[in-house]
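This report concerns only the one structure given below.
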There are 2 protein chains.
Amino acid sequence: MIEADIFKALADPTRRKVFEKLAGGSLNASTLRDGLEISQPAMSQHLSVLRAAGLVREQRQGRFVNYEVDPDGIVAIGAWLARYRAYWPKRMDALADLLKDMDQ
Amino acid sequence: MIEADIFKALADPTRRKVFEKLAGGSLNASTLRDGLEISQPAMSQHLSVLRAAGLVREQRQGRFVNYEVDPDGIVAIGAWLARYRAYWPKRMDALADLLKDMDQ
DNA sequence: GCAACACATAAGCGCGTGCTTATGTGTTGT
DNA sequence: ACAACACATAAGCACGCGCTTATGTGTTGC
């Protein structure tokens, strides 16, 4: 079950910050450390967890490793969320529209 | 930040099972224990965590306490997921449509 | 009133998780 | 070749989390 890894990965506040930084675009491990007061190994470990969860994917570029959001993880969360469509309130209609529009 | 509580709550496999049981409709604490090999206090604690995260809400009914999915939690997850709309792939269009349709 | 029941809270314990420092691996440039 | 750099892995440690047993609180029915 990959949901287990996804929610566990997102349960940590530092990992959420990292993941949300990547929402703005691809970044390497060193750049991701900026602002977060964390050691280099800690970042490396966090990225490893995010990668194992399918939330992030990497791409080696010289001696840098660029990380970016993995759409597979997003899809997995969306699919899980779909189980609760019965509890999706009216106001979520607007969100669904937004999601569709921004995808064009 | 309520996202912290949400993802932490969903990180535990037992709590996810409980929450997914509630996707089918309202249930009381004792009924929720069925199938899960867990003590009564453990269930009570899990429900407390889910409630604090805004994922579940309760309604006292005599000496039973009925739990149900709290739409607020679902909305919070949806809103968080919306930050990653740039990485939402085409195939998620179908899901967005489904979510909209089922809400009618 | 009191026994049985449904659930919550308290206290304590073992294990997983995220951190650190130290070291290893691979790449770049001179 | 070698130094500097970017990142990964190893090992050890402290803290948090989920579990248990024990007990408390509130409700129902006789």
Side-chain angles (χ1 to χ4, degrees), chain A residues 1-22 24-70 73, chain B residues 1-22 24-70 73:
Chain A
M1 189 70 75
I2 233 173
E3 289 159 11
D5 299 315
I6 288 179
F7 287 121
K8 261 188 167 185
L10 294 175
D12 182 75
T14 303
R15 279 196 293 266
R16 274 202 312 284
K17 283 178 190 169
V18 169
F19 190 61
E20 285 162 17
K21 274 192 174 188
L22 290 176
S26 177
L27 291 172
N28 62 55
S30 298
T31 308
L32 280 168
R33 280 186 63 201
D34 295 348
L36 306 178
E37 288 182 5
I38 202 180
S39 68
Q40 176 268 317
M43 174 58 74
S44 184
Q45 287 161 16
H46 281 311
L47 287 169
S48 177
V49 171
L50 288 169
R51 189 183 184 286
L55 287 165
V56 149
R57 59 188 179 191
E58 59 185 75
Q59 193 177 358
R60 186 124 206 160
Q61 202 131 345
R63 52 181 167 179
F64 295 85
V65 178
N66 285 347
Y67 288 88
E68 62 180 359
V69 171
D70 188 340
Chain B
M1 189 70 76
I2 235 173
E3 289 159 11
D5 300 315
I6 289 179
F7 288 120
K8 260 189 166 184
L10 294 175
D12 182 75
T14 303
R15 279 196 294 266
R16 273 202 313 283
K17 282 179 191 169
V18 169
F19 190 61
E20 284 162 17
K21 273 193 176 189
L22 290 174
S26 176
L27 292 172
N28 62 54
S30 298
T31 308
L32 281 169
R33 280 186 64 202
D34 295 346
L36 306 177
E37 288 182 5
I38 202 180
S39 68
Q40 176 267 319
M43 174 58 73
S44 184
Q45 288 161 15
H46 281 312
L47 288 169
S48 178
V49 171
L50 288 170
R51 190 184 183 283
L55 287 166
V56 149
R57 60 189 179 192
E58 57 185 76
Q59 193 177 357
R60 184 121 208 161
Q61 202 130 343
R63 54 181 165 175
F64 295 84
V65 178
N66 284 345
Y67 287 88
E68 62 180 358
V69 171
D70 187 341

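- In this structure the side chain of B/Lys21 never reaches within 4.5 angstrom of the side chain of B/Thr31, judged on heavy atoms.
- Within the model, atoms CD of A/Gln45 and CG of A/Asp12 stand 11.0 Å from one another, a figure rounded to the nearest 0.5 Å.
- Between A/Phe64 atom CZ and C/dT27 atom C1' there is a gap of 10 Å when expressed in whole angstrom units.
- Closest approach of B/Ser26 and B/Glu68 over heavy atoms only: CB-CB, 4.2 Å.
- When rounded to the nearest whole Å, the span between CG of A/Leu32 and P of D/dA8 equals 11 Å.
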For nucleotides 24-30 of chain D, give me one character per nucleotide, 5' to 3': B if any protein heavy atom sits under 4.0 Å from the base, S if the only such contacts are to the sugar-phosphate, - if neither. ---BS--

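- As rounded to whole Å, 10 Å separates atom P of C/dA6 from atom CZ of B/Arg33.
- Between the CG atom of B/Leu50 and the P atom of D/dG18 there is a distance of 10 Å, rounded to whole Å.
- Rounding to whole angstrom units, CG of residue B/Asn66 and P of C/dA6 are separated by 13 Å.
- In terms of heavy atoms, A/Leu22 sits closest to A/Tyr67 at CD2-O, 3.3 Å.
- Nearest heavy-atom pair across B/Val49 and B/Ala9 is CG1-CB, 3.9 Å.
- The shortest non-hydrogen separation linking B/Met43 to B/Ala29 is CG-O, 3.8 Å.
- Between A/Tyr67 and D/dA8, a side-chain N or O to OP1/OP2 separation shorter than 4.0 Å is present.
- Remark: of the listed residues A/Asp70, A/Leu55, A/Val69, A/Leu55 is the sole one forming a side chain to side chain contact (heavy atoms under 4.5 Å, CB included) with A/Leu50.
- Rounded to whole angstrom, the span from the CG atom of A/Asn28 across to the P atom of D/dA8 amounts to 10 Å.
- Closest of all the heavy-atom pairs between A/Arg15 and A/Lys8 is NH2-O, 3.3 Å.
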Going 5' to 3' through nucleotides 14-23 of chain C and flagging B where a protein heavy-atom sits under 4.0 Å of the base, S where only the sugar-phosphate is that close, and - otherwise, we get ---SSBBBB-

